[in-house]
Colleague: 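Got a structure for you, written out below as C-alpha cells; questions coming shortly.
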Protein chains: 2
Amino acid sequence: MTELEGYIHHSFGIPHNEVDEIIRFFQPLKLRKGDYYLKAGHRSDRLGFVQSGILREFLDADNKEITKWISTKGYFAVDLHSFLFEQPARWHIQALTDCELWVISGHDYKRIQQVIPEWQRLETLFIGKCFAALEDRIVSHLALSAEERFQLLHSQRPELFNLVPLHYIASMLGITPETLSRLRRKQVS
Amino acid sequence: MTELEGYIHHSFGIPHNEVDEIIRFFQPLKLRKGDYYLKAGHRSDRLGFVQSGILREFLDADNKEITKWISTKGYFAVDLHSFLFEQPARWHIQALTDCELWVISGHDYKRIQQVIPEWQRLETLFIGKCFAALEDRIVSHLALSAEERFQLLHSQRPELFNLVPLHYIASMLGITPETLSRLRRKQVS
DNA sequence: GCGCGGTCTTGATAAAAATCAAGAAATCAA
DNA sequence: TTGATTTCTTGATTTTTATCAAGACCGCGC
C-alpha cells in the first residue's frame, strides 16, 4: 500500500475499494534533488502527494528567502490557492532530495467528483484539516516564544532536524539560523 | 440584499436565483454585547456569517487570553475544525458589540449539498479562500517585524482600531499592548 | 588529497520587544 | 454624578532575538 492510499484510508475512513478508485487518478512522478516542482509566478494545475523525499515551499521576500513549509512523506505538494483558483503560484516548491510523488491534474481532479460521490466530502475534510493545522500554527506565533516554537516543532517532527539544512528550519520557525543554533545548544545541555 | 447574499454572489459568481436558494437555509440570530456565540470545549454544530457587529475569537493559553481573530461584517463565525469534524470547539467566540448573524446548522448545511449542485464547488472555494488567507498570515509572521505586521493590518482593516479595545488587536498581532501603543505613536509622528 | 562552497557555531554588539510599574483617560454602572 | 473598572499610554529596565563578523566543520568535485 502506498502512502497515499494509507492517508486517504486512515485519515477519512474511506473503504479500500473506493480508495482504489481514487488512487487511479494519480500518476507517479519522480524528482531529482534540486528540481523545482513548482515555480512562483507560473500557473500550476496539479496537486502532488509526497510518497518519499523532502520538498521545500518557499518564497522571496525583500532580499531573503522565506521557507514556508517543508513537506515529507504524507504531506501534499501544492499551492492550493493557485490550484483551486487557477492563479499563478505564489511560491516555489523545490526538491531537497530525490522525491517520489503521486500527482493529479486539475482536469482529473474534477473528474473524480463525477466518478466518486464520496470525493466531495473527502475534499472538504482534507482542506478543513489543512486549515485547522494552519490555525494551530498561527496560534503558535501568537502565544509562543521562539524557543517554545522550536521545542514544539522538535517534538512534532524530530526527524526533520537531521534531514535538511537547519537554516531552512529556522526560517520556517520565523527565527534566524544563529538563534536556532543557540536554542539547539541550550536544549542539549 | 444582505451581506451574506453579496458575499456569495460576488465572491463566487453565483447567480442571484441560486444565491436565494442557499440563503434560505440560513436563520437570523441576534447577539447582545458580551454574549458567547461559542464556548471552547462545547460541541458546535453551526456556522455563522456576520451581518453586523463585531466578534472576537480567542483561546486561553497558560494564564493569558490569545485573540486569534476579530470578525466584522462579511466574516464567518465558526470553529471550522469543530464544525466539520464534530469535535469540541477549540476556542471561544464572543460578541464585542451587539451582532446580527446568519446561521446555518450542520444538518441544514448537509441538506444544501443535496439541493444545490453548485454548493459543492462553492464550499471548496470558500474553505480554499480561508486557507490562502491563513497562509498569508503565517508568512507575515515569518517575514515581517511586529511594526510591519501592525502597518499591514492597519492598512487592511483601519476601522478595526477605532472599534475594539487595542489590547485585543495587539494579541491578534502577536505583540503586547505596550508595544502596539508605541507603534501607534510612532506612526502618527 | 586539496580546495571550495555551503553549513553551522560562537562571540560581541545592537535592536526589538517584553516586562514591570505608574498614572491618565475613558467607560460604565450604581 | 460619582466611584470603580477598564483601557491606554509612558518611562525605566530586562529579556529576547537579530545582526555582524569570524572561524570551524563538512561534503563534494577535481
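All figures in this text were calculated on a predicted structure; none of them were measured in a lab. Below, chains carry the letters A, B, ... as their sequence lines are ordered, and counting in each starts from 1.
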Colleague: What is the distance, to the nearest angstrom, from the NZ atom on K64(A) to the P atom on dC20(D)?
Modeller: 12 Å
Colleague: Nucleotides 22-29 of chain D: which of its N/O atoms have a protein N/O under 3.5 Å away?
Modeller:
none

Colleague: Which residue pairs pass the salt bridge (charged side-chain N to carboxylate O under 4.0 Å, His left out) test when at least one of the two sits in residues 149-171 of chain B, sequence neighbours left out?
Modeller: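 The answer is none; no pair qualifies.
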Colleague: Extract, from 5' to 3' on DNA chain C, the first and final nucleotides lying under 4.0 angstrom from some heavy atom of chain B.
Modeller: dA17(C) to dC28(C)
Colleague: Could you tell me which residues satisfy side chain to side chain contact (heavy atoms under 4.5 Å, CB included) with P165(A), sequence neighbours excluded, listed by chain and number?
Modeller: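 Once residues adjacent in sequence are excluded, the partners of P165(A) under the side chain to side chain contact (heavy atoms under 4.5 Å, CB included) criterion are H167(A), Y168(A).
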Colleague: Note the angle between the end axes of the helix from dG1(C)-dC30(D) to dA30(C)-dT1(D), five pairs defining each, rounded to 10 degrees.
Modeller: 40°
Colleague: dT17(D) C1' sits how many Å from L144(A) CG, rounded?
Modeller: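 After rounding, the reported distance stands at 16 Å.
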Colleague: Under the salt bridge (Lys or Arg N to Asp or Glu O under 4.0 Å) rule, collect the residues that match up with K39(A), sequence neighbours excluded.
Modeller: none
Colleague: Protein-nucleotides 12-15 of chain D N/O pairs closer than 3.5 Å?
Modeller:
residue, atom, partner, partner atom, Å
dA12(D), N6, R182(B), NH2, 3.3

Colleague: Parallel, tilted or perpendicular for H92(A) and F58(A), by the 30°/60° rule?
Modeller: tilted
Colleague: With no hydrogens and no angle check, do the side chains of S181(A) and E178(A) hold a donor and an acceptor under 3.5 Å apart?
Modeller: no
Colleague: Taking the ring centre of each residue, are F26(B) and F49(B) less than 6.0 Å apart?
Modeller: no
Colleague: By salt bridge (Lys or Arg N to Asp or Glu O under 4.0 Å), which residues pair with E21(B), not counting sequence neighbours?
Modeller: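 So E21(B) forms no salt bridge (Lys or Arg N to Asp or Glu O under 4.0 Å) with any residue.
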Colleague: Round to a whole Å and report the spacing from NZ of K186(B) to P of dT9(D).
Modeller: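 Result: 15 Å.
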Colleague: Which heavy atom of A146(A) sits nearest to which heavy atom of I175(A), and what is that distance?
Modeller: CB-CG2, 3.5 Å
Colleague: Taking distance alone, no hydrogens or angles, what donor-acceptor pairs closer than 3.5 Å link side-chain atoms of residues 126-139 of chain B to residues at least two apart or in another chain?
Modeller:
residue, atom, partner, partner atom, Å
K129(B), NZ, S11(B), OG, 3.3
E135(B), OE1, R90(A), NH2, 3.4
E135(B), OE2, K68(A), NZ, 3.2
D136(B), OD1, R90(A), NH1, 3.0
D136(B), OD2, R90(A), NH1, 3.4
R137(B), NH1, K68(B), O, 3.0
R137(B), NH2, K68(B), O, 3.0
R137(B), NH2, M172(B), O, 3.1

Colleague: Is the ring pair Y7(A)/F76(A) parallel, tilted or perpendicular, if the boundaries are 30 and 60 degrees?
Modeller: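 Answer is perpendicular, since the angle exceeds 60°.
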Colleague: Of all of residues 160-178 of chain A, which get a heavy atom below 4.0 angstrom from DNA chain C, listed by number?
Modeller: P165(A), L166(A), H167(A), E178(A)
Colleague: For Y37(A) and L29(A), work out which heavy atoms get closest and say how close.
Modeller: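 Of all heavy-atom pairs spanning Y37(A) and L29(A), the closest is CE1-CD2, 3.8 Å.
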Colleague: Please tabulate, for the side chains in residues 102-113 of chain B, all donor-acceptor contacts under 3.5 angstrom to protein atoms that are two or more places apart in sequence or on a different chain.
Modeller:
residue, atom, partner, partner atom, Å
W102(B), NE1, Q51(B), OE1, 3.2
S105(B), OG, D108(B), N, 3.0
D108(B), OD1, R111(B), NH1, 3.0
Y109(B), OH, E123(B), OE2, 2.5
K110(B), NZ, E86(B), OE2, 3.4
Q113(B), OE1, Q120(B), NE2, 3.3

Colleague: State which residues pass side chain to side chain donor-acceptor pair (under 3.5 Å) with R182(A); sequence neighbours excluded, sorted by chain then number.
Modeller: none
